[in-house]
Amino acid sequence: MAEAQKQSAALSFFEDRYGVDSRNLEHTLGIALERRVEEADLFFEYSERDAVSLEEGRVKSGAYHTEQGIGVRVQAGERQGYAHSDEISVESLRVAASTARAISEHSSQHTCVSVGGTPTAHNLYPVAISPTDVPAQEKIALLEAIDRYAHSRDPRVKQVMASVLCEQRKILVARSDGALVGDTQPLVRINVQVIAEDGRGRREVGYQGAGGRFSPARLFEPTAWHSLVDEAVRIATLNLEAQSCPAGSMDVVLGPGWPGILLHEAIGHGLEGDFNRKKTSAFSDRLGQRVAAAGVTVVDDGTLPERRGSLNVDDEGTPSQRTVLIEDGILRGYLQDRLNARLMGMAPTGNGRRESYAHLPLPRMTNTFMLAGNDDPEEILRSVERGIYAASFAGGQVDITSGKFVFAASEAYRIENGRLGAPLKGATLIGNGPDVLTRVSRIGCDLALDRGVGTCGKDGQSVPVGVGLPTLRIDALTVGGTQS
């Protein structure tokens, strides 16, 4: 019932606000299908976003932004015609449909379409009010409290930056197969960054964030943001004592949670349908083959309640799902949107995502993580004679075709004789995604997901995602360091 109510609200929103009803949708799809095409779809979006940031005890910026528009796509074989407009009206729909059809013209044919409400399978984010309806003064009060608390935690904290971002996105998808799907998608995020100084001129940064598809009130609770501030302060002050990282080939232990970003970038993108259809991925044509060590199981799951990367439906109206990509080291599947699934003779997996109405959907990840194993995390650490423990990452670069990656650790430690040693600065992990999967020798029982801050970029588009990982041992990985 809740799912139906949420969808009905999204459908009625566009009809009440812009006069777009089923008759208009059917007429527009009819225009788009006046040539022989495989599929056509209409995408409607109305988004509200606000952000408030604080720096050095003062509100630095505040913004409120609305975005609205339509996109019309027509597919003929591999060819896609796409047109969009920031005006939502019957006339703009007609023009966009004609333009998209012209781009992908094939041969004469006329098809009639009858669209109707298609029930969604999920209600993953039952938020009663829009996050953007929370008064700005409440958000400012939160940021001021964060600033005071961070300075009180350690006298070495010299600067605090914090921000709150809220979004409410309404979408409507009408497809040539008759599906008509709507969704209302809330999203919130809080960021905390502190700069600590040791009195000798050395300054280090600590960052933490959290978010998801839930009410901002959850993040306003002191028990929620206190832990973020404490962690940001801990990392900044810890790195004041960090030593230069040694370089060379050594065993690496990845901590649980956010280090899953390495899995996302180095492996996840290579499992997206478009790269595999075009055979530009290191995983192309390898379904059913061993691509990882025994015990390695990787899934993409867009159905986790309230997670940042979760969706009731993707941006093509396909329900999200749990997709097993690698099972016990064997490649089982790819992430698919409707176009690449059709061309590859596979089923869409609910991973057709776009940044906005002005972009074509692409196969993208939702929440991607490795399942837990059976090893005790402390025993994994004790098994390493000499190596690096990477607890968190700041960013990295990946080549999808080759799988080669470079990742910079924002929190790392030396491992000596099975114990954590001194904190390290400048640790960089260098490797090849498919090769790294074969070097996994121990998998912890402590799977954790990130706090809800992931954003994925692809072809100039950014979408919210989630990552996760249990403690992991990788043998003989190349580590770049700054130790002379």
Side-chain angles (χ1 to χ4, degrees), residues 7 11 14 20 22-45 69-85 92-121 171-183 272-278 311-321 323 334-364 459 461:
Q7 175 168 301
L11 299 179
F14 287 98
V20 176
S22 59
R23 181 177 58 84
N24 303 138
L25 300 176
E26 291 165 2
H27 178 70
T28 303
L29 286 169
I31 295 174
L33 294 170
E34 284 179 355
R35 299 292 185 268
R36 191 176 68 207
V37 300
E38 274 73 26
E39 288 191 21
D41 56 42
L42 317 177
F43 181 82
F44 298 77
E45 178 185 11
I70 56 168
V72 181
R73 177 175 60 161
V74 177
Q75 300 178 10
E78 296 185 22
R79 191 170 184 177
Q80 296 189 94
Y82 192 69
H84 61 85
S85 171
S92 62
L93 276 171
R94 183 191 67 79
V95 173
S98 298
T99 303
R101 182 196 64 205
I103 296 172
S104 62
E105 277 188 344
H106 204 53
S107 61
S108 180
Q109 177 175 300
H110 183 76
T111 303
C112 293
V113 176
S114 177
V115 297
T118 305
T120 57
I171 66 167
L172 177 65
V173 181
R175 299 199 309 253
S176 55
D177 63 359
L180 180 61
V181 182
D183 196 22
E272 292 168 340
D274 49 354
F275 296 124
N276 288 280
R277 176 176 66 83
K278 299 172 184 177
L311 297 165
N312 289 325
V313 295
D314 69 7
D315 293 324
E316 298 179 304
T318 305
S320 60
Q321 66 180 53
T323 302
Y334 301 126
L335 300 175
Q336 299 286 15
D337 62 346
R338 292 180 64 82
L339 171 69
N340 289 282
R342 173 172 57 79
L343 294 173
M344 295 179 73
M346 299 179 177
T349 58
N351 291 91
R353 306 189 64 189
R354 64 180 102 198
E355 180 177 319
S356 76
Y357 71 89
H359 302 84
L360 276 166
L362 302 167
R364 309 288 299 273
D459 287 0
Q461 298 190 43

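Just so you know, these numbers use all the heavy atoms, side chains as well, and skip hydrogens, waters and symmetry mates.
- The backbone N or O of Gly77 lies less than 3.5 Å from a partner atom in the side chain of Arg342, making a donor-acceptor pair.
- Side-chain contact between Leu180 and Leu25 is present, with at least one heavy-atom pair separated by less than 4.5 Å.
- Using a cut-off of 4.0 Å between Lys/Arg side-chain N and Asp/Glu carboxylate O, Arg364 and Asp315 are scored as not salt-bridged.
- The shortest non-hydrogen separation linking Leu29 to Ala40 is CD2-O, 3.9 Å.
- Phe43 pairs with exactly one of Leu172, Ile171, Ile70 by the side-chain contact (heavy atoms from CB on, under 4.5 Å) rule, that one being Ile171.
- To the nearest 0.5 Å, the span separating OG1 on Thr349 from CG on Asp314 amounts to 8.0 Å.
- The CD atom of Glu355 sits 11.5 Å away from the CG atom of Asp459 when rounded to the nearest 0.5 Å.
- Considering only heavy atoms from C-beta on, Glu39 stays 4.5 Å or farther from Glu316 through its side chain.
- How far CG of Leu311 is from CD of Gln321: 12.5 Å, rounded to the nearest 0.5 Å.
- The closest side-chain heavy-atom distance from Ser176 to Leu33 is below 4.5 Å.
- Glu45 approaches Tyr357 most closely through the heavy-atom pair OE1-N, 2.8 Å.
- Of all non-hydrogen atoms in Ala341 and Ala347, the two that sit nearest each other are CB-C, 3.7 Å.
- From Glu26, atom CD reaches atom CD1 of Ile31 across 12.5 Å, with rounding to the nearest 0.5 Å.
- Rounding to the nearest 0.5 Å gives a distance of 5.0 Å between CD of Gln461 and CG of Leu362.
- A pairwise comparison of heavy atoms in Ala100 and Val72 identifies CB-O, 3.4 Å as the closest pair.
- Side-chain atoms of Thr318 and Arg175, non-hydrogen and from C-beta on, do get closer than 4.5 Å to each other.
- Using a 4.5 Å heavy-atom threshold, the side chains of Arg277 and Glu78 count as touching.
- Across every non-hydrogen atom of Leu93 and Phe44, the tightest pair is CD2-CZ, 3.7 Å.
- Here Leu343 contributes atom CG and Gln75 contributes atom CD; the two are 7.5 Å apart, rounded to the nearest 0.5 Å.
- Heavy atoms only, all atoms of each residue included: Pro361 and Gly352 are closest at CB-C, 4.3 Å.
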